[in-house]
Amino acid sequence: MNYTQNETEKRKVEQYFSRKKINPEDIQSFCFMQNYKFRVGPSILILQLRSGKTKMLRPNKTGTEVLHYLLDKQIPFSNYTPQAKQAVTVPEKSYWSIWNILFDVFCVAVLLVLGYMMLKVFLEEPSSEYLAKDIAKYFALIIYMICFPIVSYYLFYKCHSIRTGHEGLVLSNRFSKRVLPYDEIRKLNFCIFSSKQPRVFIELIDKDFCYHRYLLGWMPLKSAKELALLLQSLGIDATDSINQ
């Protein structure tokens, strides 16, 4: 079965490996969605070369294309282990922390207060005696106008809450909800981007070996282990890279 969709995608991956100075013919096997030494986070690709050397890459935007290319080359996916499906009843349960709500409320309150203060200062009449103050005022306003949509996008669109349903995992944010059917997930991993920013990511490979990742906001870190065990019982190669 060919996973690479077209020649353009194939050339894109070949150019990617060329920039990394890696010959695809030298790859003996690969691991994907797994921590490597002191490197943690989503999209980690570990290549085991025939020379015995190991290369660590992070194809953030080309994860699907690289995965398809390696599978088409019939290079062993060494850390993909399909699980035996068990007859279990999946409970409907939400995984969230009270800090999720408190943090969102706090951020919104700070943004609104800053916006009010900025507007109040901006409406003051400019004074030629305090040119530096006026310049600082406009500079601060520009920074606020840039940061406000970025923070809002991060809080209300990128961050998802997660819960288990009878048919699949349910990811939702303030504007949308998506259901990930259990039988369409091949591999799944929970990870954090760094120990200093313990935001949980969920990364997964679907039935077509396409790669996806989602930010789970303030999901308790200890919940990843419970979820991974539940998903393993459903025949999914689920791993918890947080509580190893």
Side-chain angles (χ1 to χ4, degrees), residues 1-3 5 29-36 40-46 58-60 63-68 70-72 74-98 100 158-193 198-244:
M1 178 177 179
N2 292 326
Y3 295 98
Q5 297 180 357
S29 63
F30 72 95
C31 294
F32 190 45
M33 296 165 42
Q34 178 175 301
N35 290 345
Y36 177 64
V40 298
S43 308
I44 292 181
L45 174 67
I46 307 168
R58 200 191 290 269
N60 292 319
T64 295
E65 291 84 352
V66 171
L67 181 59
H68 286 176
L70 294 173
L71 291 174
D72 286 343
Q74 298 185 347
I75 298 174
F77 190 171
S78 58
N79 70 319
Y80 172 49
T81 309
Q83 305 292 307
K85 188 173 182 179
Q86 304 174 20
V88 295
T89 300
V90 181
E92 290 191 348
K93 182 178 179 179
S94 297
Y95 294 84
W96 57 276
S97 167
I98 187 63
N100 188 346
K158 291 294 290 183
C159 286
H160 294 80
S161 62
I162 184 172
R163 65 180 177 87
T164 53
H166 295 309
E167 300 299 326
L169 290 176
V170 181
L171 301 181
S172 57
N173 55 33
R174 302 301 182 271
F175 299 102
S176 64
K177 181 179 75 172
R178 69 184 71 203
V179 179
L180 307 174
Y182 299 121
D183 57 359
E184 294 185 5
I185 303 175
R186 290 181 179 270
K187 184 174 178 60
L188 182 146
N189 182 47
F190 293 96
C191 63
I192 55 176
F193 193 78
R199 287 278 189 167
V200 181
F201 281 87
I202 180 174
E203 52 180 351
L204 63 90
I205 298 173
D206 65 20
K207 63 178 181 179
D208 298 318
F209 282 98
C210 294
Y211 175 74
H212 310 270
R213 73 177 188 182
Y214 306 95
L215 177 62
L216 295 184
W218 290 92
M219 186 189 87
L221 301 183
K222 61 182 180 180
S223 297
K225 184 175 182 180
E226 177 184 342
L227 273 167
L229 292 175
L230 173 63
L231 295 173
Q232 288 172 11
S233 67
L234 297 174
I236 299 171
D237 181 17
T239 52
D240 170 22
S241 295
I242 301 173
N243 305 294
Q244 290 182 339

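Everything numeric in this text was worked out from a predicted model, so none of it was measured.
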Can you measure from CD1 (I202) to NE2 (H212) and round to the nearest 0.5 angstrom? 11.5 Å
At their closest point, which heavy atom of Q232 faces which heavy atom of A238, and how far apart are they? NE2-O, 2.7 Å
Can you list the steps and then say if F32 with I205 is a side chain to side chain contact (heavy atoms under 4.5 Å, CB included)? CA-CA 10 Å; F32 190 45; I205 298 173; 4.0 Å; yes
State whether the side chain of E203 and the backbone N or O of Y211 hold a donor-acceptor pair below 3.5 Å, judged by distance alone. no
Can you check side chain to side chain contact (heavy atoms under 4.5 Å, CB included) on L67 and L45, steps first, answer last? CA-CA 9 Å; L67 181 59; L45 174 67; over 6 Å; no
How close do I185 and L188 get, counting heavy atoms only, and between which atoms? CG2-CB, 4.2 Å
Would you please name every residue forming a side-chain contact (heavy atoms from CB on, under 4.5 Å) with V179, sequence neighbours left out?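 Per chain and number, V179 pairs via side-chain contact (heavy atoms from CB on, under 4.5 Å) with V170.
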With F190 as partner, the option from L221, N243, I242 fulfilling side chain to side chain contact (heavy atoms under 4.5 Å, CB included) is I242
For Y182 and G235, indicate whether the former's side chain and the latter's backbone hold a donor-acceptor pair under 3.5 Å. no
H166 (side chain) donor-acceptor with E92 (main chain) under 3.5 angstrom: no
Check against side chain to side chain contact (heavy atoms under 4.5 Å, CB included), Y95 and V200: CA-CA 12 Å; Y95 294 84; V200 181; over 6 Å; no
Might you point out which heavy atoms bring V90 and G165 nearest each other, and give the distance in Å?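 Here V90 and G165 meet closest at CG1-O, 3.3 Å.
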Straight-line distance of R213 CZ to N189 CG, nearest 0.5 Å: 12.5 Å
Set of side-chain contact (heavy atoms from CB on, under 4.5 Å) partners for Q86, sequence neighbours left out: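 Only V88, S233 meet the side-chain contact (heavy atoms from CB on, under 4.5 Å) criterion with Q86.
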Quick one: are L231 and L169 in side-chain contact, heavy atoms under 4.5 Å?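 Yes, at least one pair of side-chain atoms sits under 4.5 Å.
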side-chain contact (heavy atoms from CB on, under 4.5 Å) against P181, all qualifying residues, sequence neighbours excluded: D183, E184
Measuring from N173:CG to L216:CG, what's the distance to the nearest 0.5 Å?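 So the CG of N173 and the CG of L216 are separated by 11.5 Å.
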Counting only N and O atoms by type, is there a donor-acceptor contact under 3.5 Å from the side chain of R58 to the main-chain atoms of P42? yes
Has H160 got a side-chain atom pairing as donor or acceptor with S176's backbone, closer than 3.5 angstrom? no
Contacts of type salt bridge (Lys or Arg N to Asp or Glu O under 4.0 Å), residue E226, not counting sequence neighbours: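 Once residues adjacent in sequence are excluded, the partners of E226 under the salt bridge (Lys or Arg N to Asp or Glu O under 4.0 Å) criterion are K93.
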So how far is it from L171 CG to S161 OG, rounded to the nearest 0.5 Å?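 These two atoms lie 7.5 Å from each other.
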How close do N35 and G41 get, heavy atom to heavy atom, and via which atoms? OD1-N, 3.8 Å
With D237 via salt bridge (Lys or Arg N to Asp or Glu O under 4.0 Å) - residues at least two apart: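 For D237 the salt bridge (Lys or Arg N to Asp or Glu O under 4.0 Å) partners, ignoring immediate neighbours, are K187.
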So, using side-chain contact (heavy atoms from CB on, under 4.5 Å) as the criterion, who are the partners of Q34 when residues are at least two apart? C31, I46, N79
Does the gap between the ring centers of F77 and F30 come in under 6.0 Å? yes
Calculate, to the nearest 0.5 Å, the distance between atoms OG and CD1 belonging to S223 and I162 respectively. 9.5 Å
For a quick test of reading the model, state the closest non-hydrogen atom pair linking L227 to M219 and the distance between them. CD1-SD, 4.1 Å
Under a 4.5 Å cut-off applied to non-hydrogen side-chain atoms, are T239 and M33 in contact? no
